[in-house]
Number of protein chains: 2
Amino acid sequence: MTQAPQTIEPSDEPTPRQSEVLDAVLALLVEGRDALTMTAVARRASCSKETLYKWFGDRDGLLTATVRWQASQVRAGNFDRQRLDAAALRESLERFAANWLHVISSRTSIALNRVAVGHAASGKSNLGGIVLANGRFAIGERLKPLLEAARAAGLIHFDEAEEAFRTFFGLVGRDVQIRLLLGDRLEMTEAEIARDAARATRQFFALYGAKEAPALTAGQV
Amino acid sequence: MTQAPQTIEPSDEPTPRQSEVLDAVLALLVEGRDALTMTAVARRASCSKETLYKWFGDRDGLLTATVRWQASQVRAGNFDRQRLDAAALRESLERFAANWLHVISSRTSIALNRVAVGHAASGKSNLGGIVLANGRFAIGERLKPLLEAARAAGLIHFDEAEEAFRTFFGLVGRDVQIRLLLGDRLEMTEAEIARDAARATRQFFALYGAKEAPALTAGQV
DNA sequence: CCCGAACCGTAACGTACGGTACGGTAGACG
DNA sequence: CGTCTACCGTACCGTACGTTACGGTTCGGG
């Protein structure tokens, strides 16, 4: 054999051609004009349905691969481990918050979460679990080291990093995600995201800061 | 004519028999064993499909009526307007928080929200808007008067009641709703809800309290 | 040049389900 | 008792869609 771009069953990386197919799925999902059907995917990706089934097994496999593909593209940068003072912590938290708000308010994330929520109802194929693992839990695992480093540096106080993170999560997201998932028109402009990120960070410092919150950046409410 | 329990098109109250049908829908939704199909509803409610269509128009009408029916049953009591001191405010907030956590972690709410989220994707029939109006926005409109009364009494400080409420919403719900919607196993016991409600209220006071937070109740973290 | 693998495009199949039609029954009313 | 209304149960229809099958094309290897 020359090469075998066969089934993508495991968590392999997709081939370039397979990525094109997954991008087509995302495009259809975001457009949302009509329901995501295998025929539509095949037409959009200029491939045959037979190929779809050969590569991804079935419709759920295609959706799962799409979620993983999307998740692999939004890996946000980590924080700078060096020189962790109050200002650096604050900036890292704001970056995390702004990045998270960007993700959950993106049309792609909304569409994918809607599919996953719908799937969680029927129980089959752990799509919801995958979305959670790559969203809520992934960001938690990336943020907790920062929180713990900050605690070690005496910048903040908490008992459980998990609890501190969940509070931060709530302060950042508030009602944004559920409103967007339920179809509420909610403008999340760049400026709005920046303001929300700054506010959430400021409130987080107010709750967990060891002493005073670091100096506010310009444009605070 | 004797009586005409015809179409329930507007926001009328359902007849007792119609309520039975809507309860059947909720039961099927909560069980979640299989997709909610008109045939299944008819069988479960011991009524004919023809009657379903006569009463509710179509499947969306049935779902809409079900959401309204469920919402009409969870109207939580308002707060006591008299004697608004710090302790009363604190207790009201905790009650709101605990009630809200109860609602969003109930199997009924989860199932209904999943349906509404799925529907928001396809765009037709404003199910998501109805859920939002009876959930997120209804509680906001009921809580904001309390917040404003508390501000008038000098117990808390804020500029916009909406912003203060959204912060409270985030502190209470955190990641609970999205995790439940995505199928995460998340035990929300009575004790856990009470603890979360107390924590969220305490944090809210820390952020918006005029002076010191009122005395903590027993069992604080 | 020939062969087979991979793939495209499309037709076909089976089923699930929303929606409709129809026959049968129980009770209200004259 | 006759009739009408509301309703139940069920058969039926049309369509959408997941899945499979098949013919045709391209391309790399022998």
Side-chain angles (χ1 to χ4, degrees), chain A residues 1-9 12 14-25 28-29 31-66 114-115 118-119 121-125 127, chain B residues 1-9 12 14-25 28-29 31-66 114-115 118-119 121-125 127:
Chain A
M1 70 190 72
T2 55
Q3 81 285 5
Q6 292 288 95
T7 66
I8 193 181
E9 279 304 338
D12 299 332
T15 67
R17 179 69 178 118
Q18 288 171 341
S19 304
E20 285 180 33
V21 172
L22 298 179
D23 282 333
V25 175
L28 286 175
L29 226 35
E31 290 174 15
R33 181 192 320 271
D34 35 25
L36 187 78
T37 171
M38 298 299 276
T39 303
V41 172
R43 184 162 37 220
R44 177 63 159 257
S46 293
C47 73
S48 74
K49 295 209 278 181
E50 193 178 45
T51 301
L52 290 183
Y53 284 99
K54 182 191 238 177
W55 284 349
F56 305 104
D58 57 4
R59 188 171 183 273
D60 282 353
L62 177 60
L63 289 174
T64 301
T66 303
R114 279 178 179 159
V115 172
H119 252 252
S122 69
K124 64 189 174 187
S125 87
L127 253 192
Chain B
M1 70 191 72
T2 56
Q3 82 285 5
Q6 292 288 94
T7 66
I8 193 182
E9 279 303 338
D12 299 331
T15 68
R17 179 68 178 118
Q18 288 171 340
S19 304
E20 286 181 34
V21 172
L22 299 179
D23 283 334
V25 175
L28 286 175
L29 226 33
E31 290 173 14
R33 181 193 320 272
D34 34 25
L36 186 79
T37 172
M38 298 299 277
T39 303
V41 171
R43 183 163 39 220
R44 178 63 160 256
S46 292
C47 73
S48 72
K49 286 167 66 174
E50 193 176 44
T51 301
L52 291 183
Y53 284 100
K54 182 190 234 176
W55 284 349
F56 305 103
D58 58 4
R59 188 170 184 273
D60 282 353
L62 177 60
L63 289 174
T64 301
T66 303
R114 279 177 179 161
V115 173
H119 252 254
S122 68
K124 66 191 174 188
S125 88
L127 253 192

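Below, read A as the first sequence line, B as the second, and so on, with proteins coming before strands; counting in each chain starts at 1. Heavy-atom basis, side chains included; hydrogens, waters and symmetry copies ignored. Just so you know, these numbers come straight off a predicted model, no measurement behind them.
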Taking the side chain as C-beta and beyond, is there a heavy-atom pair between [X] and [Y] under 4.5 Å?
{"X": "B/Glu20", "Y": "B/Ser46", "result": "no"}
{"X": "B/Arg59", "Y": "B/Tyr53", "result": "no"}
{"X": "B/Val41", "Y": "B/Val21", "result": "yes"}

Quick one: [X] [atom1] to [N] [atom2], roughly how many Å, whole number?
{"X": "B/Gln18", "N": "D/dC7", "atom1": "CD", "atom2": "P", "result": "8 Å"}
{"X": "B/Phe56", "N": "C/dG19", "atom1": "CZ", "atom2": "C1'", "result": "16 Å"}
{"X": "B/Lys54", "N": "C/dG18", "atom1": "NZ", "atom2": "C1'", "result": "19 Å"}
{"X": "B/Leu62", "N": "C/dC17", "atom1": "CG", "atom2": "P", "result": "15 Å"}
{"X": "B/Arg59", "N": "D/dT15", "atom1": "CZ", "atom2": "C1'", "result": "16 Å"}
{"X": "B/Met38", "N": "D/dC8", "atom1": "CE", "atom2": "P", "result": "13 Å"}
{"X": "A/Asp34", "N": "D/dT15", "atom1": "CG", "atom2": "P", "result": "18 Å"}
{"X": "A/Lys49", "N": "D/dG18", "atom1": "NZ", "atom2": "P", "result": "8 Å"}

Task: Sugar-phosphate only, base, or nothing, as touched by A/Thr39 at under 4.0 Å among non-hydrogen atoms - done: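 Counting heavy atoms under 4.0 Å across all strands, no contact is made by A/Thr39.
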
Open item on the list: Students often get this wrong, so: under 4.0 angstrom with heavy atoms, is A/Leu36 touching a base, only sugar-phosphate, or nothing?
Closed with: sugar-phosphate

Listed nucleotide nearest any side-chain atom of [X], set [options]:
{"X": "A/Ser48", "options": "C/dG9, C/dA6, D/dT19", "result": "C/dG9"}
{"X": "A/Glu50", "options": "C/dC7, D/dT19, D/dC22", "result": "D/dC22"}
{"X": "A/Tyr53", "options": "C/dC8, D/dG18, C/dG23", "result": "D/dG18"}
{"X": "B/Arg17", "options": "D/dC8, C/dG19, D/dG18", "result": "D/dC8"}

TODO: Could you check B/Arg43 against A/Thr37 and say which one's nearest nucleotide on DNA chain D is further toward the 5' end?
DONE: B/Arg43

Open item on the list: Strictly below 4.0 Å: does A/Thr51 bring a side-chain N or O up to OP1 or OP2 of C/dC8?
Closed with: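 Answer is yes, contact under 4.0 Å.
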
Open item on the list: Less than 4.0 angstrom between a side-chain N/O of A/Trp55 and OP1 or OP2 of C/dC7, yes or no?
Closed with: yes

Task: Qualifying residue, where the test is side-chain contact (heavy atoms from CB on, under 4.5 Å) with B/Phe56 and the options are B/Val25, B/Leu22, B/Leu63 - done: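 Going through B/Val25, B/Leu22, B/Leu63 one by one, the side-chain contact (heavy atoms from CB on, under 4.5 Å) with B/Phe56 is satisfied by B/Leu22 alone.
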
- [ ] Could you check A/Lys49 against A/Arg43 for side chain to side chain contact (heavy atoms under 4.5 Å, CB included), going step by step and ending with a plain yes or no?
- [x] CA-CA 9 Å; A/Lys49 295 209 278 181; A/Arg43 184 162 37 220; over 6 Å; no

